[in-house]
Amino acid sequence: MFMNILVIHGPNLNLLGEREPGIYGEETYDKLNNDIKTAADGLGISCEIFQSNHEGAIIDKLHEARKSCSGVVINAGAYTHYSYAIRDAIAAIRIPCIEVHISNVFARDEFRSKSVIAPVCAASVSGFGRDSYILAVEGLVRMIERRSDNK
């Protein structure tokens, strides 16, 4: 079964390696994306990666994904905590989405422990550093395969 997934990075994730390295690590955004692509290749899947600091661009990309992707891994950054527009876009596209965070959002500022997108995501992965993305990609692939097997 051909599988194409989309990984979405939200606001400020393009600054990985520079931004708060004590929380997000010192590896760059490009290194993270290379690691994600390597993991996807190892799983035999196609993986598109997209980053935007703009809510509307993320929503547009989610809408596009419904026609070309089997599922989505999304780190909506700060939008996680208040973007009902992204939440509604995830609900509307009807393909599985996995919410991902590098840090353990529940061990940080109180506002970060509330996710408005979690209720419409199939699962969430957080607190494993950059490995959160790899775990989310692996979990998404297994989820899609199980759904395919059960049809």
Side-chain angles (χ1 to χ4, degrees), residues 1-16 24 29-151:
M1 164 176 132
F2 173 76
M3 194 179 308
N4 181 41
I5 67 165
L6 171 64
V7 174
I8 296 177
H9 302 291
N12 301 309
L13 289 158
N14 56 307
L15 297 180
L16 289 174
Y24 300 108
Y29 171 75
D30 290 336
K31 171 76 166 91
L32 172 61
N33 288 337
N34 287 336
D35 291 349
I36 293 168
K37 287 279 196 181
T38 298
D41 289 346
L43 293 166
I45 64 167
S46 173
C47 178
E48 178 184 354
I49 297 176
F50 174 79
Q51 189 278 328
S52 181
N53 295 314
H54 305 282
E55 185 178 32
I58 293 169
I59 292 165
D60 289 344
K61 197 66 176 176
L62 284 164
H63 289 180
E64 290 172 19
R66 78 186 195 285
K67 295 182 178 179
S68 61
C69 296
S70 306
V72 175
V73 169
I74 182 169
N75 183 340
Y79 290 134
T80 298
H81 314 295
Y82 66 87
S83 178
Y84 293 101
I86 290 175
R87 179 241 177 257
D88 290 348
I90 292 169
I93 63 174
R94 299 174 56 189
I95 57 175
C97 293
I98 307 294
E99 175 185 11
V100 65
H101 300 284
I102 293 170
S103 67
N104 178 355
V105 292
F106 302 103
R108 295 184 60 200
D109 311 289
E110 185 179 333
F111 77 89
R112 293 183 197 278
S113 66
K114 172 72 170 148
S115 169
V116 300
I117 69 171
V120 294
C121 286
S124 297
V125 179
S126 69
F128 290 95
R130 277 55 177 359
D131 288 341
S132 292
Y133 280 92
I134 307 306
L135 293 167
V137 168
E138 291 172 351
L140 178 60
V141 168
R142 289 186 186 132
M143 182 181 292
I144 292 166
E145 289 173 343
R146 276 195 307 272
R147 288 180 180 189
S148 179
D149 290 345
N150 290 329
K151 286 186 176 179

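All values derive from a computational prediction rather than experimental measurement.
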Of all the heavy-atom pairs spanning C97 and I93, show the shortest one and how long it is.
-> SG-CD1, 3.9 Å

State the CD1-NE2 distance between I90 and H63, to the nearest 0.5 angstrom.
-> 10.0 Å

Note, D30 side chain near L16 side chain (heavy atom, < 4.5 Å) = no

Look up atom CG in L62 and atom CD1 in I86, then write down how far apart they are to the nearest 0.5 Å.
-> 7.0 Å

Quick one: do R130 and I134 satisfy side chain to side chain contact (heavy atoms under 4.5 Å, CB included)? Show the steps, please.
-> CA-CA 7 Å; R130 277 55 177 359; I134 307 306; over 6 Å; no

Step by step, work out the side chain to side chain contact (heavy atoms under 4.5 Å, CB included) result for N14 and H9.
-> CA-CA 8 Å; N14 56 307; H9 302 291; over 6 Å; no

Keeping to residues at least two apart or across chains, list the salt bridge (Lys or Arg N to Asp or Glu O under 4.0 Å) pairs with something in residues 38-49.
-> E48-K61

Check for a donor-acceptor pair, side chain of H81 on one end and backbone N or O of K114 on the other, with a separation under 3.5 Å.
-> yes

Roughly how far, to the nearest 0.5 Å, is OG of S68 from CD1 of I95?
-> 7.5 Å

Sole candidate of I58, L13, N75 that passes side chain to side chain contact (heavy atoms under 4.5 Å, CB included) when paired with I8 | I58

Answer yes or no: is there a side-chain heavy-atom contact under 4.5 Å between I45 and I5?
-> yes

Value for CG (L140) from CD1 (I98), rounded to nearest 0.5 Å, stands at 5.0 Å

Given the rule in the ring pair (Phe, Tyr, Trp, His ring centres under 6.0 Å) test, do H54 and Y79 qualify, once you have shown the distances and angles that lead to the verdict?
-> CA-CA 10 Å; H54 305 282; Y79 290 134; 9.0 Å; no

Interatomic distance, S46 atom OG to M3 atom CE [nearest 0.5 angstrom] | 11.0 Å

Does G10 offer a backbone N or O that forms a donor-acceptor pair with the side chain of Q51 under 3.5 Å?
-> yes

Separation between CD (E138) and CG (D131), nearest 0.5 Å, reads 9.0 Å

Assert yes or no for the condition that the ring centre distance of Y133 to H101 is strictly below 6.0 Å.
-> no

What one should report as the nearest heavy-atom pair of L6 and A65 is CD2-CB, 3.8 Å

Decide yes or no on side chain to side chain contact (heavy atoms under 4.5 Å, CB included) for V116 and T80, but give the supporting numbers first.
-> CA-CA 6 Å; V116 300; T80 298; over 6 Å; no

Just jot down the side-chain hydrogen bond (donor to acceptor under 3.5 Å, both in side chains) partners of D35, sequence neighbours excluded, or say none.
-> K31

Check the pair L15 / Y29 against side chain to side chain contact (heavy atoms under 4.5 Å, CB included), numbers first and verdict last.
-> CA-CA 7 Å; L15 297 180; Y29 171 75; over 6 Å; no

Could you pull out the closest heavy-atom pair between S132 and G127, with the gap in Å?
-> OG-N, 3.6 Å

What are the two closest heavy atoms between P96 and A122, and how far apart are they?
-> CB-CB, 4.3 Å

Closest heavy-atom contact between K37 and I49?
-> CG-CD1, 4.0 Å

Does CZ in F128 sit with more than 12 non-hydrogen atoms of other residues, nucleotides or ligands closer than 6.0 Å?
-> no

Quick one: side-chain hydrogen bond (donor to acceptor under 3.5 Å, both in side chains) partners of S83, sequence neighbours excluded?
-> E55

Note: C47 and V7 closest approach over all heavy atoms is SG-CG2, 3.8 Å

